[in-house]
Enquirer: 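Below is a structure I'd like to ask you about.
Chain identifiers are assigned alphabetically (A, B, ...) following the order of the sequence lines, protein sequences preceding nucleic acid strands; residue numbering begins at 1 within each chain. All values reported here derive from a predicted model rather than from experimental measurement. Values below: every heavy atom of this structure, side chains too, minus hydrogens, waters and symmetry copies.
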Amino acid sequence: MDQTAPATIDTRPLLDWYDRNARKLPWRVGPGDRKLGVVPDPYHVWLSEIMLQQTTVAAVGPYFHAFLRRWPELADLAAAKTDDVMAAWAGLGYYSRARNLKKCAEVLAAEHGGKFPETEAGLLSLPGIGPYTAAAISAIAFDRPATVVDGNVERVVARLFAIDTPLPDAKPELKRLAATLTPSTRPGDFAQGMMDLGATICTPTRPACALCPFLGSCKAQSEDQPDRFPVKGAKTPKPTRKGAAFVCRRKDGAILLTRRPPKGLLGGMAEVPTTAWTADFDPDGALDAAPFSANWRQATGPVRHVFTHFRLELDVYAAEIGKAPAPDGHWWEPAATLDEAALPTVMRKVIAHAFEDALKPKR
DNA sequence: GACACGTGGAG
DNA sequence: TCTCCAAGTGT
């Protein structure tokens, strides 16, 4: 690897650009506000950074507001019930984030006097906080000179230096180059500026190089092929798994639910009873896995859902029954509170499909 | 280091 | 319909 090339890129234009173009985000203290003495709330910075992991700004907004409305302070979240946190997170995905969020709040309350550490090392030791988030909180909340590297920064740096190494192998080199750019003054604004730049100008496709503060010092742009970087490794195709799900509605409208194991896919979330999800699912034997015998009717067509590493097709069976005890490990979720249950999106799709097909009121 | 881990929007 | 992706972390 070429270690000799010094970073000669002037980063002052990036801060100037950020002063003029910073995105207005609910959890952000803008460059103008900071100059008036307003400092970010570390709790808000932390909550937003966890939610933003692999998740779009648009998706995070409503969840961020809902969490702060319900748990205004870190101590409130530390004292919350884990299932309430899981339910409030439902729909946002990557549910281990919610479990670690709650765990992190408890650790801070119990062992750190309810305050966040200001250093990367201190933050890195906490649940759910990895290298990116530790650097982001240290830089954004405490304005410490940490090198913040997310997907945006990787893209910007890969283009600035025209790095040919494919991701993820290029990550160490990109981090090293990013560190050479990080200024000692306003490191938090620099980090946010780099991420804003990646989100709005240095975009994955069709970057708006004419508007870029690095125009003139970007190697990829000078070679007239900015969107060739970063180079990506080959991606593997997604296999398909199949199974069946059972939506059982009691006469009063309650739905039979159970809890998934705390770890793994959709860990700790609620679900309707299902078969295992496998590549060799046998549809003819599906009813053997039903929670009890009933007049099960199959809805038309499966529910399709795409996870990170596989596609899922679930046949949906529905039944209506009178009073019946919930089997071990199951419970009847009242119709009135179904919306607030810790049901992941795939399960909401299953229940909605049953309601609009097999459980439709008969004419 | 490789893989598991969700979801919804854009092109 | 399909691919890519969005402020990554844990194991």
Side-chain angles (χ1 to χ4, degrees), chain A residues 22-23 25-28 44-64 86 89-101 103-104 123-141 146-156 167-172 174-175 178 188 190-200 202-206 227 230 232-241 260-269 271 277 304-312 342-349:
Chain A
R23 303 170 79 186
L25 303 173
W27 44 84
R28 170 175 286 179
H44 295 186
V45 173
W46 164 69
L47 180 62
S48 67
E49 290 300 341
I50 301 298
M51 288 182 167
L52 285 164
Q53 290 168 6
Q54 297 291 288
T55 308
T56 57
V57 165
V60 165
Y63 286 86
F64 179 78
M86 302 305 290
W89 197 275
L92 201 52
Y94 285 137
Y95 297 100
S96 66
R97 292 185 295 173
R99 190 164 296 272
N100 284 330
L101 186 84
K103 221 181 289 176
C104 185
L123 290 159
L124 197 52
S125 68
L126 295 165
I129 297 184
Y132 161 77
T133 306
I137 295 173
S138 189
I140 297 171
T147 301
V148 179
V149 182
D150 73 331
N152 289 305
V153 177
E154 286 181 346
R155 182 169 60 255
V156 172
L167 286 171
D169 288 356
K171 282 174 177 284
L174 294 174
K175 173 138 191 178
F190 178 78
Q192 294 179 92
M194 288 287 278
M195 293 191 282
D196 277 18
L197 187 73
T200 62
C202 196
T203 47
T205 60
R206 301 174 52 83
D227 54 3
K232 304 285 185 85
K235 43 229 158 242
T236 57
K238 289 181 195 216
T240 296
R241 298 182 196 171
R260 293 180 64 85
K263 298 193 173 194
L265 186 73
L266 308 175
M269 299 297 282
E271 67 175 354
W277 305 344
R304 297 177 210 280
H305 192 76
V306 182
F307 291 102
T308 309
H309 54 295
F310 68 93
R311 300 167 188 284
L312 179 63
L343 286 164
T345 296
V346 61
M347 288 301 150
R348 291 174 190 269
K349 283 162 75 170

Enquirer: Need one value for Pro131(A): base, sugar-phosphate or nothing, where a base atom within 4.0 Å counts as base even if backbone is also close, heavy atoms only.
Expert: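 If one applies the 4.0 Å heavy-atom cut-off, Pro131(A) turns out to touch the sugar-phosphate alone, with no base involved.
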Enquirer: Quickly work out the Ile137(A) CD1 to dT9(C) P distance and round it to whole Å.
Expert: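 The answer, rounded to whole Å, is 10 Å.
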Enquirer: To the nearest Å, how far apart are Ile50(A) CD1 and dG10(C) C1'?
Expert: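 So the two atoms are 12 Å apart, to the nearest Å.
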Enquirer: If only side-chain N and O atoms of His309(A) are considered, is one of them under 4.0 Å from the OP1 or OP2 phosphate oxygen of dC5(B)?
Expert: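 The answer is yes; a side-chain N or O of His309(A) sits under 4.0 Å from OP1 or OP2.
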Enquirer: Polar atoms only, N or O, under 3.5 Å: list the protein pairs with nucleotides 2-4 of chain C and their distances.
Expert:
unit_1 : atom_1 : unit_2    : atom_2 : d
dT3(C) : OP2    : Arg311(A) : NH2    : 3.3
dC4(C) : OP1    : Lys235(A) : NZ     : 3.2

Enquirer: For the pair made of CG in Leu101(A) and C1' in dT9(C), what is the distance, rounded to whole Å?
Expert: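 Going from CG in Leu101(A) over to C1' in dT9(C) covers 13 Å.
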Enquirer: So do the side chains of Val60(A) and Trp27(A) get within less than 4.5 Å of each other, counting heavy atoms only?
Expert: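 They are in side-chain contact.
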Enquirer: Go through it in stages, so that I can follow the logic: the residues are Thr133(A) and Leu123(A), the test is side chain to side chain contact (heavy atoms under 4.5 Å, CB included), and I'd like the CA-CA distance, side-chain angles, deciding distance and then a yes or no.
Expert: CA-CA 8 Å; Thr133(A) 306; Leu123(A) 290 159; over 6 Å; no
Enquirer: In terms of the nearest nucleotide of DNA chain C, which residue is placed more toward the 5' end: Leu126(A) or Leu52(A)?
Expert: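 Nearest nucleotide further toward 5': that of Leu52(A).
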Enquirer: Taking atom C1' in both dG6(B) and dC4(C), compute the distance separating them and give it to the nearest angstrom.
Expert: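 Roughly 15 Å separates the two C1' atoms.
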Enquirer: Any heavy-atom pair between the side chains of Arg28(A) and Asp196(A) that's under 4.5 Å?
Expert: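 Counting from C-beta outward, Asp196(A) and Arg28(A) do come under 4.5 Å.
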Enquirer: Start with the C-alpha distance between Leu265(A) and Arg260(A), add both sets of side-chain angles, then the distance that settles side chain to side chain contact (heavy atoms under 4.5 Å, CB included), and finish with yes or no.
Expert: CA-CA 9 Å; Leu265(A) 186 73; Arg260(A) 293 180 64 85; 3.9 Å; yes
Enquirer: What's the verdict on side chain to side chain contact (heavy atoms under 4.5 Å, CB included) for Gln53(A) and Tyr94(A), showing C-alpha distance, side-chain angles and the deciding distance?
Expert: CA-CA 9 Å; Gln53(A) 290 168 6; Tyr94(A) 285 137; over 6 Å; no
Enquirer: Would you check if Asp227(A) and Thr205(A) make a side-chain contact, meaning some heavy-atom pair closer than 4.5 Å?
Expert: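 Counting from C-beta outward, Asp227(A) and Thr205(A) never come under 4.5 Å.
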Enquirer: Can you check the distance between dA4(B) and dA6(C), where both ends of the measurement are the P atom (answer in whole Å)?
Expert: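 These two P atoms come out 22 Å apart once rounded.
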Enquirer: Pick base, sugar-phosphate or nothing for Trp27(A), based on heavy-atom distances below 4.0 Å to the nucleic acid.
Expert: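 Counting heavy atoms under 4.0 Å across all strands, the contact made by Trp27(A) includes a base.
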Enquirer: Would you name the heavy atoms of Gly267(A) and Tyr95(A) that are closest together and state the gap between them?
Expert: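 So the two residues come closest at O-CB, 4.3 Å.
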Enquirer: We want to know whether Glu49(A) and Tyr132(A) form a side-chain donor-acceptor pair, criterion being a heavy-atom distance below 3.5 angstrom.
Expert: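 Yes, a side-chain donor-acceptor pair sits under 3.5 Å.
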Enquirer: Check whether the ring centres of His305(A) and Phe307(A) lie less than 6.0 Å apart, and answer yes or no.
Expert: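 Yes, ring centres under 6.0 Å apart.
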Enquirer: Would you mind telling me which residue lines up with the more 5' stretch of DNA chain B, Pro172(A) or Lys263(A), judged by nearest nucleotide?
Expert: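 Nearest nucleotide further toward 5': that of Pro172(A).
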Enquirer: I'd like to compare against my own output: the B/S/- annotation of nucleotides 6-11 of chain B with a strict under-4.0 Å heavy-atom distance to protein.
Expert: BBS---
Enquirer: Tell me the interatomic distance from Glu49(A), atom CD, to dA6(C), atom C1', rounded to whole angstroms.
Expert: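 Rounded to whole Å, this separation is 12 Å.
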Enquirer: Within the structure shown, what part of the strands sits under 4.0 Å from Arg28(A) by heavy-atom distance: base, sugar-phosphate, or nothing?
Expert: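 The residue Arg28(A) makes base contact.
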